[in-house]
Amino acid sequence: MSQWQQIQILDKVHMDQIDFLYSDDTLPMEVRQYLAYWIEEQNWSQAIELDPSQACCLFHTMLSSLDDQIGRLALGEENNANMLLKHNLRRSKLHLSSKYQEHPQELAIAIDALLRQERAILSEAFSASQASVDPPSDSPVPTSHQHKIEERLMEMHKTIQGLKCSIEQHDDLQDNFDFSYRTHKHLESTTPASGPVRAKMIEKLQSMLNRLNHFRQEILSQIHELLGRSDTLRDLLLKEVSAWQNRQRLVCIGEKCDTSLGRLEEWFTKSAEILFHLLHLIKMLTGMYDKVTYQTDPLKGQLPLLMKRLQEQIICLLKSAFVVEVQPKMQVPNQRPLVLRTNHKFSVRARLLVKLVDRNNSLEVKIDIDRDATNLTGFRRFNILTSSTKTLMMDDPQKQGLVCDFKYITLKEQKLSGSGKGNKGISEGSLSVTEELHIITFTLDYCYRGIKCQLQTSTLPVVIVSNANQLSSAWASILWFIMLSRDTKNQLFFSQSPTATWAQLSSVLSCQFSAATMRGLDNHQLKMLGEKLCGPGVNSQSTITWEQFSKEATASSPGNNNFSFWTWIDGILLLIQENLLQLWKDGRIMGFVSRKYEQRLLKKKRAGTFLIRFSESTSSGGITFTWVEFNNDGVPEFNSVEPYTRKELEFLSLPDIIRDYQRLAKEVIPENPLLYLYPDIPRDDAFGSYYKERREVSMTEQRMYLNRRLIRVSTQPGETQTPDKNELLPISNGLVDDELQNPEYKAENCLLVKEDPFLCQSNEEQQEPSLLFDMPHLQVDDPDFQSLLSVENISNDIPGNEIEDLMKLYAKVEVGPCL
């Protein structure tokens with residue numbers, strides 16, 4: 001992390017000190033911000049003490065860098081969004097130019113002082129944070145790889161500075177020797193010296209040459225040392241890139257990992273700058289060798305080899321620095337990465353971690369699909385529509401780096417002769433559409449300071465479908481590949497798909513629930529899934545084939561349900577996301593529990609205890625609840641309702657179903673058997689916060705219609721609740737259509753209840769036409785009945801004698817149980 005980046009995360013007290021530090025006009029803060037990395041890399045103290053001309057060079061380089069930054073802002077702006085920033089940078093440049101034009105060394109002095117004061121403030125802030133937080137004695141040590149990389153970069157930076165000084169001294173020594181030697185040769189040709197004088201002169205020249213030779217050997221030794229450190233640094237960086245790529249693979253299937261590239265980009269850029277600086281120094285040495293050489297010159301044999309080795313290191317670093325930052329992903333209709341659909345837009349992003357560009361060379365990135373594919377007989381072929389090339393651009397030098405965004409691109413299948421629409425035709429192979437793996441490749445021709453090379457990087461394999469009903473199967477293929485394959489270019493993976501262990505698969509399944517619903521699966525839930533997939537006795541090393549996971553119906557599926565394990569799981573994921581998300585996150589749904597384990601849990605609880613689980617008989621996701629009752633002998637009886645599907649839960653939320661649920665039986669008053677959510681939470685305490693607001697009916701309010709609500713009821717097996725045609729309540733046409741189209745919505749399953757205390761419905765079949773209301777025998781003096789007919793609930797429009805007649809009529813009529 002650069003010094004300026006550390007400053008930006010300081011607390012308010014120390015940030016106020018930084019603000020005060022830049023309160024005068026010595027160096028504008030926006031210049032410090034936008035040239036932070038360059039400013040910190042320069043040796044300002046050396047420019048002050050040793051070489052005033054270097055201060056002048058740094059001053060003009062700063063002005064040029066500000067011009068570059070202003071130009072980038074002008075190219076990338078939209079609707080003058082950067083107008084104020086450009087104005088401030090131009091003003092800062094003019095201020096610096098007028099202030100330090102005559103005395104650039106003063107700028108070096110000022111910047112050197114500012115950097116030292118910044119370091120002092122950072123040191124003070126670090127000490128304060130250490131004092132406020134006392135870490136335990138056994139606190140873990142930060143990762144050794146990262147420390148080694150930082151240390152190696154610092155060592156190489158110091159070595160390159162020392163090498164530069166050595167070469168400058170060597171240059172002076174070589175100029176002195178060259179002048180002395182040429183002078184000696186000239187004198188020898190014009191006025192030859194006497195023997196002793198000539199011998200003394202030759203001895204002096206030999207001493208100078210020996211010293212020059214010694215310097216050259218030392219310089220070559222320093223270069224060898226730098227290249228050795230660079231090799232080690234490259235290996236460390238490659239390990240970090242590999243670890244980042246592995247984290248990115250896991251993030252694609254829902255794991256929570258850090259995939260930011262800021263630190264890697266900083267390391268790669270610093271390493272590349274050191275190597276390019278070394279390349280410049282070796283070229284300087286080559287020029288010196290061309291000017292002065294001798295028979296035993298060490299530069300003669302070693303410089304070409306060192307140059308070749310350095311160029312190979314630079315190219316290797318650049319190739320490993322070109323990565324896919326964002327894997328292919330559609331926005332709609334599927335949010336899962338690596339699953340694409342033909343003729344639907346998707347986006348993908350590549351990034352070069354070395355932020356070094358030559359303004360005279362445009363960096364064009366080309367995108368292809370299945371560029372290096374071989375032996376893909378039967379695979380479909382695709383064309384990439386819209387633009388297949390983009391320019392690598394530096395949007396924000398402090399943040400984004402060199403990125404190339406391909407947005408809103410689509411894939412179109414190539415139709416071969418003899419192939420029909422939607423079919424693989426003559427190119428049909430042994431793999432299904434959702435098992436074909438395709439790879440998108442980026443190619444970049446990079447050129448910087450004489451180094452030219454072609455960089456290439458590829459996405460993880462993608463699955464391309466043409467219909468929405470293939471999306472779920474395609475995602476299963478992605479999960480299986482990422483879980484089991486480390487070869488990201490193995491496009492024939494599914495031709496001989498390996499088996500997975502239950503330990504591997506259970507981790508991936510839990511991850512799917514964590515990513516989609518923010519709650520993973522516990523050991524009990526995973527045990528139920530393992531037994532459903534592998535049978536009793538499942539353990540971490542139990543094996544599962546690709547067919548068992550994604551194609552075959554599970555052996556434990558009830559009835560003749562012909563759907564795979566993954567189809568069932570994916571249906572439940574969608575059910576939770578659309579209808580049950582908050583209940584699942586809050587732990588109100590037990591979810592995955594076998595019938596045997598369910599009964600073992602409930603039989604020890606009091607009557608009315610229930611739990612909520614997912615149906616095993618519904619492929620698109622269903623949920624049900626089971627409760628326990630006890631007969632006269634104390635034997636537990638377990639009851640489960642027909643599962644609710646996504647379509648039903650669109651009209652009735654599960655908490656409202658549980659609140660209003662009733663069970664109808666002959667000669668039994670309807671009641672709600674769901675009293676306690678497992679283990680012993682009262683129903684309304686568990687679900688009260690999820691209930692929708694329910695308005696009470698006011699009998700004194702003059703209304704054309706009474707409110708009604710839709711509730712779910714259950715009957716005894718074999719019973720059918722068929723109200724008389726004269727008793728049917730008015731319902732909307734929409735509900736009639738739902739019942740005609742969906743047999744699930746029948747009268748015996750859905751009861752429309754008016755919030756009218758006088759309205760009751762029979763639960764027995766009538767052989768003859770019934771009266772207006774069918775009610776059981778009730779006495780007029782029954783307290784419950786009297787409360788229903790309290791005077792304050794009756795309109796004043798009804799005369800008293802009519803009320804008495806009505807009461808007598810009700811006393812003589814048998815009616816069904818009231819709801």
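These values consider heavy atoms only, across backbone and side chains, with no hydrogens, waters or symmetry-generated copies.
Heavy atoms only, all atoms of each residue included: F513 and I576 are closest at CE2-CD1, 3.8 Å. Residues E30 and S92 approach most closely at OE2-OG, 2.6 Å, considering heavy atoms. When every heavy atom of S458 is checked against every heavy atom of V324, the shortest pair comes out as O-CG2, 3.4 Å. Heavy atoms only, all atoms of each residue included: W584 and G520 are closest at CZ2-O, 4.2 Å. Shown here for F565 and Q548, the closest heavy-atom pair between the two residues is CB-O, 4.1 Å. Minimum interatomic distance between Q414 and F382 (heavy atoms only, all atoms of both residues): NE2-O, 3.6 Å.
Between F493 and E435, every side-chain heavy-atom pair lies at or beyond the 4.5 Å cut-off. Proximity of W475 to P337: side-chain heavy atoms (C-beta onward) are separated by under 4.5 Å at one or more points.
L281 pairs in a side-chain contact (heavy atoms from CB on, under 4.5 Å) with only one of the listed residues (L163, L226, L310), which is L163.
A salt bridge between K270 and E273 is absent, with no side-chain N of the basic residue lying under 4.0 Å from a carboxylate O of the acidic one. Using a cut-off of 4.0 Å between Lys/Arg side-chain N and Asp/Glu carboxylate O, E265 and R351 are scored as salt-bridged. One finds no salt bridge joining R152 and D235 here, because no Lys/Arg side-chain nitrogen approaches an Asp/Glu carboxylate oxygen to under 4.0 Å.
Between F406 and F442, the ring center distance clears the sub-6.0 Å criterion. Between W568 and F563, the ring center distance fails the sub-6.0 Å criterion.
Counting only N and O atoms by type, the side chains of D370 and Q491 include a donor and acceptor under 3.5 Å apart.
In this structure, CG in L581 is found 7.0 Å from CE in M518, a value given to the nearest 0.5 Å. Here CE of M483 is found 8.0 Å from OG1 of T501. Values are rounded to the nearest 0.5 Å. Annotation: the span from L153 atom CG to T269 atom OG1 amounts to 10.5 Å, rounded to 0.5 Å. The structure places NZ of K308 at 15.0 Å from CG of L303, a figure rounded to the nearest 0.5 Å. In this structure, the separation between CD1 on I314 and CD1 on I451 is 4.5 Å, given to the nearest 0.5 Å. Going from atom CG of L227 over to atom OG1 of T232 covers 11.0 Å, rounded to the nearest 0.5 Å.
Using the six-membered ring where Trp is involved, Y448 and F276 have ring planes that are perpendicular, over 60° apart on the 30 and 60° scheme.
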*Might you work through the side chain to side chain donor-acceptor pair (under 3.5 Å) test for S497 and W480, ending with a clear yes or no?*
CA-CA 9 Å; S497 176; W480 202 258; 2.9 Å; yes
*Given salt bridge (charged side-chain N to carboxylate O under 4.0 Å, His left out), test R380 with E436 step by step and report yes or no.*
CA-CA 8 Å; R380 295 164 298 157; E436 285 185 5; 3.0 Å; yes
*Tell me, with the steps shown, if E364 and T391 meet side chain to side chain donor-acceptor pair (under 3.5 Å).*
CA-CA 5 Å; E364 294 289 335; T391 302; 2.9 Å; yes
_Evaluate E312 against R234 for salt bridge (charged side-chain N to carboxylate O under 4.0 Å, His left out), listing each step before the verdict._
CA-CA 12 Å; E312 289 174 351; R234 180 195 59 200; over 6 Å; no
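Judged by distance alone, with hydrogens and angles left aside, the side-chain atoms of Q470 form a donor-acceptor pair with the main-chain N or O of N467 at under 3.5 Å.
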